[in-house]
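Indexing begins at 1, ligand by ligand and atom by atom, following the structure's order.
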Amino acid sequence: MCEIPVFYATTEGQTQRIAERIAQTLRTRGFDSQTIDVGTPAASNIDWRHVRAAFVGASVHAGKHQPSAYAFVRAHAGELNACPSVFFSVSLSAVSKNPQERAAARQLAEQFAAAAQWQPQSIACVGGRLAYTRYGFFKRLVMRMIAKHEGGSTDTSRDHEYTDWAAVEQLVHTVANALRRTPDTIAVGA
Ligand SMILES: Cc1cc2nc3c(=O)[nH]c(=O)nc-3n(C[C@H](O)[C@H](O)[C@H](O)COP(=O)(O)O)c2cc1C
């Protein structure tokens, strides 16, 4: 049984890391939470009757989120719309020094949700990771050029993380507080 599943799609691992931090923080707040890769049978076998809220994360590559994340959200838009849900979109443009790039990251995330007919209560654009040590030669070259353009690090001897972990945890606490909140007044009778 999972009260708050944290679904994710990842290509180089950073969205999974963020999903794990979200689930871990939710567990410290007393919720039953697990990370679930959208491409695994566990994602299709989730028992939605026990779900109180859900997070879905995907990352941006060449201007698109993972098709597996889109397929999952499209298939489960009804269930996601029936509970409080959060979309976290991981990219480098989310933390670009250029405000237009940051606006474009938000627009991409909003379009992803709208196209899948999902209305998340919150959309968070989260900075990802330049995983230079994990890229092959050409990918490293391309990513270095993009980083140079965006004001990211061009030191390819190591990876560079742009995830604001405090902001990720704050997002989780906001959701946890909303779920824990009890009504101020209870109307009894007419
Ligand atoms: C080949 C490639 C293409 C990328 N394209 C984009 C892009 O179009 N826009 C962007 O903001 N970030 C882009 N990124 C950065 C990724 O979104 C970032 O590295 C993120 O942390 C990846 O998350 P993941 O490790 O969960 O896959 C790209 C990264 C790679 C390796």
Side-chain angles (χ1 to χ4, degrees), residues 4-26 33-40 42-43 54-74 80 85-116 118 120 122-172:
I4 311 184
V6 184
F7 300 102
Y8 69 90
T10 189
T11 305
E12 282 104 25
Q14 190 65 6
T15 309
Q16 181 177 10
R17 269 184 220 107
I18 296 166
E20 277 161 7
R21 178 67 67 91
I22 291 171
Q24 184 190 43
T25 309
L26 284 164
S33 181
Q34 287 164 27
T35 57
I36 303 174
D37 183 330
V38 292
T40 61
F55 286 72
V56 181
S59 57
V60 178
H61 288 79
K64 280 178 73 176
H65 295 90
Q66 284 88 356
S68 60
Y70 179 80
F72 173 80
V73 170
R74 183 70 197 88
L80 288 167
S85 62
V86 176
F87 178 36
F88 60 103
S89 169
V90 179
S91 67
L92 291 177
S93 41
V95 286
S96 171
K97 292 192 168 79
N98 180 345
Q100 281 172 344
E101 290 288 329
R102 295 200 301 275
R106 172 146 293 274
Q107 197 180 21
L108 195 68
E110 286 170 357
Q111 282 169 350
F112 171 90
W118 176 30
S122 183
I123 294 180
C125 293
V126 181
R129 184 183 183 92
L130 268 172
Y132 283 130
T133 62
R134 299 194 57 178
Y135 304 151
F137 179 78
F138 286 110
K139 207 186 253 191
R140 193 160 50 241
L141 209 67
V142 170
M143 292 311 292
R144 189 179 183 280
M145 276 167 55
I146 293 173
K148 196 171 183 179
H149 182 71
E150 298 293 339
S153 177
T154 53
D155 172 7
T156 57
S157 67
R158 62 182 187 88
D159 295 348
H160 303 272
E161 190 170 75
Y162 297 96
T163 306
D164 182 343
W165 294 105
V168 169
E169 290 188 359
Q170 189 49 55
L171 173 70
V172 176

Visitor: Got an N/O contact under 3.5 Å between L92 and ligand 1?
Guide: yes
Visitor: Under 4.0 Å from a heavy atom of Y135: which atoms of ligand 1 are those, numbered in the order shown and with their elements?
Guide: 19 (O), 31 (C)
Visitor: What atoms in ligand 1 come closer than 4.0 Å to a heavy atom of S93?
Guide: 10 (C), 11 (O)
Visitor: Using a strict cut-off of 4.0 Å, indicate which atoms of ligand 1 neighbour a heavy atom of V90.
Guide: 17 (O), 21 (O)
Visitor: Below 3.5 Å, N or O to N or O, backbone or side chain included: is there any such pair between V60 and ligand 1?
Guide: yes
Visitor: Return yes or no for this condition: an N or O of T10 is under 3.5 Å from an N or O of ligand 1.
Guide: yes
Visitor: By number and element, which atoms of ligand 1 are closer than 4.0 Å to a non-hydrogen atom of G128?
Guide: 21 (O)
Visitor: Please indicate whether any nitrogen or oxygen in S59 is less than 3.5 Å from any nitrogen or oxygen in ligand 1.
Guide: yes
Visitor: Pick one of side chain, backbone, both or neither for how M143 approaches ligand 1, counting any non-hydrogen atom pair under 4.0 Å.
Guide: side chain
Visitor: Need the ligand 1 atom indices (1-based, order shown) with element for anything under 4.0 Å from a heavy-atom of T11.
Guide: 24 (P), 26 (O), 27 (O)
Visitor: Side-chain contact test, heavy atoms from C-beta onward, threshold under 4.5 Å: evaluate it for F112 versus S89 and give yes or no.
Guide: no
Visitor: Apply side chain to side chain contact (heavy atoms under 4.5 Å, CB included) to residues S122 and L171 and explain how you reach the verdict.
Guide: CA-CA 9 Å; S122 183; L171 173 70; 4.0 Å; yes
Visitor: Would you call I22 and F88 a side-chain contact if the rule is heavy atoms closer than 4.5 Å?
Guide: yes
Visitor: Is it true that a side-chain atom of R134 and a backbone atom of E12 form a donor plus acceptor pair closer than 3.5 Å?
Guide: yes
Visitor: Can you find an N or O of G13 that's nearer than 3.5 Å to an N or O of ligand 1?
Guide: yes
Visitor: Say whether Y8 and ligand 1 are in contact under the criterion: heavy-atom distance to a ligand atom below 4.0 Å.
Guide: no
Visitor: So is A62 polar-close to ligand 1, meaning N/O to N/O under 3.5 Å?
Guide: yes
Visitor: Donor-acceptor check, side chain of Q34 to backbone of A23, threshold 3.5 angstrom: yes or no?
Guide: no
Visitor: Pull out every atom of ligand 1 sitting under 4.0 Å from any heavy atom of Q14, numbered as shown with elements.
Guide: 21 (O), 24 (P), 25 (O), 26 (O)
Visitor: Could you check whether any side-chain N or O of Y70 sits under 3.5 Å from a backbone N or O of A115, counting only pairs where one atom can act as donor and the other as acceptor?
Guide: yes
Visitor: Parallel, tilted or perpendicular, judged at 30° and 60°: which one describes the rings of F7 and F72?
Guide: tilted
Visitor: Find out whether L92 and M143 are in side-chain contact, i.e. whether some heavy atom of one side chain is under 4.5 Å from a heavy atom of the other.
Guide: yes
Visitor: Would you check whether G63 has a nitrogen or oxygen atom less than 3.5 angstrom from a nitrogen or oxygen atom of ligand 1?
Guide: yes
Visitor: What is the nearest protein non-hydrogen atom to atom 21 (O) of ligand 1, stated with its residue, atom name and distance?
Guide: R129 N, 2.9 Å
Visitor: If only atom types and distance count, is the side chain of S33 paired as donor or acceptor with the main-chain N or O of P5 below 3.5 Å?
Guide: no
Visitor: Taking the inter-plane angle between the rings of Y132 and H160 on a 0 to 90° scale, is it parallel (under 30°), tilted (30 to 60°) or perpendicular (over 60°)?
Guide: perpendicular
